[in-house]
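By convention in this document, chain letters (A, B, ...) are assigned in the order of the sequence lines, proteins followed by strands, and residues within each chain are numbered from 1.
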Amino acid sequence: MKIEERIARRQHGESDPRLVLDYDALSPVVHPQEPVGRGSLVERLLDCIEPVFDGRVPSDVYVWGPKGAGKSAVIRALFAQLDRLIGRSDSQILTTTRAIPTPSVEFVYIDARTATTGFALLHAVLDQLVSDPVPKQGVGAEAIATRLDRQLASDRAVIIGVDHINEPESLSADLVFEQLQPFTPGLAALLVGRDPPTATGVGDREAVQTVHVDGYRRHALAEVLTSRASNGLVRSATTHGQLRELATWADGDAHDALAALFGASVIAEQRGHEKIYPADMAVGMHAVPRPGVSLGRVLSLPDSRQRILSHLIELPESDRRSVGAAADAISAYNVELSRATIERVLYELAEAGIVRRVKAQSTGTGRPPSRVELGFPTRVFSHLTSEP
DNA sequence: ACCTGGTCCCGGGCTCGGTTTT
DNA sequence: AAAACCGAGCCCGGGACCAGGT
């Protein structure tokens, strides 16, 4: 915990934390600077992009593996370090004996969950390459492409990491390649997604290197949890056995395991416990639907969608008996959307797997309604969105 | 050089009406 | 027949760019 936070606690008359030191350390959407237990993945990625160390542009890469396997954690951390060490500025790597002048290669990380159109992709890339902000509205896609082309013409080499490819509501691999195609000489893409290459169209592109990531093994995941718990919770808030069990339950998915631990911590803190009891952990696990979608997807939804979800979570079971009923109930709150739009949005969210429609028993005439259920870790979502 | 109205851009709310399912 | 479902086009707001006038 930071000193600033400690001081803030005292100012508000709070005593030392009894359980949670730092929710960020437990959060499945916050990645540490140094991911635990994914060394070999880092090595394989470095192999793929080896040419950059001579200032050349490597061929494109596709990294794929299941949800919660640490893909994003590794890519984010790796790109941040690469950009710091050999990217941008006039950088030179100083060794004890000599200065190696490295032709600069820049590294840009893009999340396809936020950049969901071809326009948004190019915009995001350009925005990171130039210092002054690029307008997001009022300027055509053509204009963005022209500016980007001019940037890349001047001998710049750029590696673009595009995370979360081929999710519903995000970019497809084909679209990304198509968008980046005009700039290829000075630019390479590293795509990250869940689908196997054959299912994404990447398989048809021979020049693309592929890297497969497996889910965490049980004890590797337990180590991740131990490391997170030691940063986020007071000492002895959890036991080794507990974290091992959690790892087993999560079956290699670090996202779900952390979401459950986070939820358990919230509930334990509410109950005034100084450690996480089995009952707390059970509640935490219960609030993580499996299979479910990752929190990152939910948190990158537009504001209006998140407002709808916040209210949907609060709704009593009876108000979620059908999509129409849920739309009615939500529109009673102060959401600045019409009832029809809310209903439409609920169908959209169901399409994306963020909420689920569960068919109910037929209740008379007509097509039976479907109950609305949440498809993501609700406790974590509520906690993260209720804060200012 | 500065103002101002016109035009184009993108994204997101909204609605309509056809289709599917029981 | 009735209700759930949903594809897709319209519309509008805010922003940038442009040109013509002062």
Side-chain angles (χ1 to χ4, degrees), chain A residues 110-151 162 164-172 174-176 178-180 182-183 293 296-312 315-375 385:
Chain A
I110 307 283
D111 190 343
R113 285 169 179 164
T114 26
T116 56
T117 62
F119 171 84
L121 173 69
L122 296 187
H123 175 273
V125 174
L126 182 61
D127 198 43
Q128 290 200 40
L129 288 181
V130 298
S131 46
D132 43 310
V134 183
K136 232 184 164 54
Q137 274 179 20
V139 60
E142 273 304 306
I144 299 283
T146 315
R147 283 189 62 183
L148 185 56
D149 196 45
R150 205 169 311 136
Q151 283 299 318
V162 189
H164 306 120
I165 280 298
N166 281 339
E167 285 182 357
E169 320 278 294
S170 87
L171 291 164
S172 74
D174 281 333
L175 183 65
V176 174
E178 186 188 314
Q179 289 292 317
L180 300 181
F183 317 101
V293 304
R297 269 179 63 193
V298 182
L299 293 172
S300 51
L301 290 171
D303 223 44
S304 59
R305 310 294 137 115
Q306 294 196 40
R307 281 204 309 273
I308 289 180
L309 289 174
S310 305
H311 289 123
L312 184 61
L315 251 39
E317 186 109 353
S318 60
D319 280 342
R320 290 192 277 112
R321 68 186 179 278
S322 78
V323 177
D328 279 339
I330 293 171
S331 67
Y333 290 93
N334 186 24
V335 224
E336 288 159 0
L337 300 172
S338 74
R339 202 218 84 112
T341 300
I342 295 171
E343 185 176 43
R344 193 68 198 76
V345 166
L346 287 175
Y347 281 115
E348 253 173 54
L349 292 171
E351 179 94 0
I354 290 164
V355 303
R356 297 210 187 91
R357 301 199 329 253
V358 184
K359 210 167 289 173
Q361 288 300 314
S362 178
T363 56
T365 171
R367 187 170 172 175
S370 23
R371 195 155 33 89
V372 183
E373 291 188 349
L374 287 311
T385 50

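Among the protein residues, A:Val323 comes within range of the sugar-phosphate backbone only, with heavy atoms under 4.0 Å from sugar or phosphate atoms but none that close to a base.
Within residues 334-344 of chain A, the residues having any heavy atom closer than 4.0 Å to DNA chain C are, in order of number, A:Arg344.
Atom CD1 of A:Ile144 and atom P of B:dG11 are 10 Å apart (whole Å). Atom CG of A:Leu349 and atom P of C:dC5 are 14 Å apart (whole Å). As a whole-Å value, the separation of A:Leu346 CG from C:dG7 P is 15 Å. The NZ atom of A:Lys136 sits 10 Å away from the P atom of B:dG12 (whole-angstrom rounding). Distance CZ (A:Arg357) to C1' (C:dA4): 8 Å, rounded to an integer number of Å.
Close to C:dC5, at under 4.0 Å from its OP1 or OP2, lies a side-chain N or O of A:Tyr347.
Looking only at distances, a side-chain donor or acceptor of A:Ser331 sits under 3.5 Å from a matching main-chain atom of A:Asp328.
You'll find that the side chain of A:Pro369 is closest to C:dA4, out of C:dC5, C:dA4, C:dC17. The side chain of A:Phe119 lies closest to B:dC10 when the candidates are B:dC10, C:dC5, B:dT22. Of the listed nucleotides (B:dG13, C:dA4, C:dA16), C:dA4 has the atom at the smallest distance from the side chain of A:Arg367.
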